[in-house]
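Chain identifiers are assigned alphabetically (A, B, ...) following the order of the sequence lines, protein sequences preceding nucleic acid strands; residue numbering begins at 1 within each chain.
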2 protein chains.
Amino acid sequence: MAKRATQNDVAKLAGTSTAVVSYVINNGSRPVAPETRKRVLEAIKQTGYRPNNAARALLTGKGTTFGVVVPDLANPFLAHMLQSIEDEFYDHGYSLLVADSHDCLKREEDIIETMMSQQVAGLVWYSVDQPPPAHLLKDFARPVVFANACTPTDTGEVAGQRISVLEDERGSAAELTRELKKRGCRTIGHLGGPRGRINSAERSRGWFDALDDGSDGNPEDHPHHLSAPYTYEGGWQMAEHFVNLGCDGVVVSNEMQAVGLMARLASLGVRIPDDISVVAMHITAHAEYCVPALSGIHVDMADLSAQIATSLLGSGAAATIVPTTYFVERASC
Amino acid sequence: MAKRATQNDVAKLAGTSTAVVSYVINNGSRPVAPETRKRVLEAIKQTGYRPNNAARALLTGKGTTFGVVVPDLANPFLAHMLQSIEDEFYDHGYSLLVADSHDCLKREEDIIETMMSQQVAGLVWYSVDQPPPAHLLKDFARPVVFANACTPTDTGEVAGQRISVLEDERGSAAELTRELKKRGCRTIGHLGGPRGRINSAERSRGWFDALDDGSDGNPEDHPHHLSAPYTYEGGWQMAEHFVNLGCDGVVVSNEMQAVGLMARLASLGVRIPDDISVVAMHITAHAEYCVPALSGIHVDMADLSAQIATSLLGSGAAATIVPTTYFVERASC
DNA sequence: CTGTTAGCGCCTTCAT
DNA sequence: ATGAAGGCGCTAACAG
């Protein structure tokens, strides 16, 4: 095992000191004579030297790595988000530590702890529950983005900057409902996520707002409201219920659910959109290739990740991020 | 910014030395008096101490992080693979550094370099091209899994252990083709990945084997062979060509392509499987919820990641991994 | 402009 | 069973 070359090796070969090598690497931190720089670069090439990030992180207390925590890597929306964020951070020379909480609070806790241990320079946290257990971040003196905040997260007194992504999920769900109404749907149901989650509740509330059918109280208690996990299977299971309820339109809170629901409707011989229209929150490229193509709310992910990167890397600018979203009409409604 | 507690703080509070704290953490590296251990654990809790992984990595030269490199995080197959690997490594207390090469060689190179800089303890590498540019790993004295090796990767003399995932893609593609024949398909086309990639060529070869129509030469030159990127769009674009070629069956080399292809066929009014049957390589949970449900080759991902983790963590056991695959029949054929 | 030096937090001999 | 001390590779002072 050929040991990896160190700054020392390079310095020796270039006939200079390790400090100068450091200056050359961190291009521009200190002026270096062009001739010396050249010798150093040559020596680096010769030895195949690569800086040791662990050492740098130890010294500066700040790694070149950001952490990303999501509840389900196999969810196309989150996969897309991850990809987009990775892209952005790659451009800035940072790496990503990625973890999947599997929608489990206990595991999420563990992951956050580990990330802190790993000296990440910051965190993107798509939390399982809302509001996120921000106390886990106590004296984590690095910026954190709450990727699914919905509502400003009260983080109290903390060490590092805290940024919330404030998407108007309620407004979007209402918009979807109105789009269905506009197309003549009379009985519009809603498929929400697991009960008790605040972001799911926001979407239910939006649907309820636009329904405006005179009913009152908790949207989740409305007869046309159903709940399921954010999975294909979840949507599949609920499809028949909507048919039985006599719905001619469904607002689905998640793309995976919508795909499962449409597949089941097809197998039941229910026509989309003739018999039932379907629209969904947070659709991805996948939606365009459903049969029929799925309509719904799109998030401008490139824009969102750019904003996330900016706040995480920049000097503590905006404390909230508002994603750009828009309704995309396709054949499903 | 409350500075994070160090071993020193813990030692002081427990009235002992940092060495003992270290012993306690690395449970069992050295015997510690039960009573002392208790005091130390108490002090850890009090101070909120968390080991600094950067320091550990610097000292031992080996981090608690593994790298994963894939060409497209938004590809459901790869997303599933990533999730499965993450799961496995989480269980063993390791974190994952994830990067997306975007199917770009230049970027892949860069990523590999970065990962080495980050002192990863090993690498899972789903390479853009085949064979992978293994020279990038020169004197990387850690285990590496070539996740899409197809054929044993000749790595010459290297520092660390090199493991190849040898899936019989050729055999699987042939199996798919035979399944279509069995169902009465007469003119079976193949949609391959980008030309020139060896793993795509393997699949084409398998289709060609089973076609057995007396034609000769390079499968990619067969009139019923088409190529497209591994995307939804790629499949969509090619659908009409297969219709024009008079195909009544298509073996698709990738799930995303298959989804795009089926969507386009539906929009053309072509019935699946009555007019054309479709089968695909490397399908995921998604396939079950296509309309119609997509048939194809499934990879036992839990098994695969377990094997990957074992070889990466274990003491240099198997140098090759053979994934378990099986054909799943659904409505698309 | 360049060299010297002092640690960052941790683990691992070597003593005790 | 425990403590003291050295050093992993690097950067940030501080000299020159």
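With sequence neighbours excluded, the residues satisfying side-chain contact (heavy atoms from CB on, under 4.5 Å) with A:T284 are A:P76, A:F77, A:E255, A:H286.
For the pair B:T36 and D:dA1, the criterion of a side-chain N or O lying under 4.0 Å from OP1 or OP2 is not met.
Here D:dT11 presents its C1' atom at 15 Å from NZ of A:K62, a figure rounded to the nearest Å. Atom CZ in A:R37 sits about 11 Å away from atom P in C:dC1, given to the nearest Å.
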How would you summarise protein contacts on nucleotides 9-16 of chain C per nucleotide, using B for base, S for sugar-phosphate only and - for none, with heavy-atom distances below 4.0 Å? BBBBB---

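A salt bridge between A:D87 and B:R107 is present, with a side-chain N of the basic residue lying under 4.0 Å from a carboxylate O of the acidic one. Salt-bridge annotation for B:E42 and B:K38: absent, with no side-chain N of the basic residue lying under 4.0 Å from a carboxylate O of the acidic one.
Using modelled atom types, one finds a donor on one side chain and an acceptor on the other under 3.5 Å when comparing B:Q118 with A:T64.
For the pair B:Y230 and B:D72, the minimum side-chain heavy-atom distance is 4.5 Å or more.
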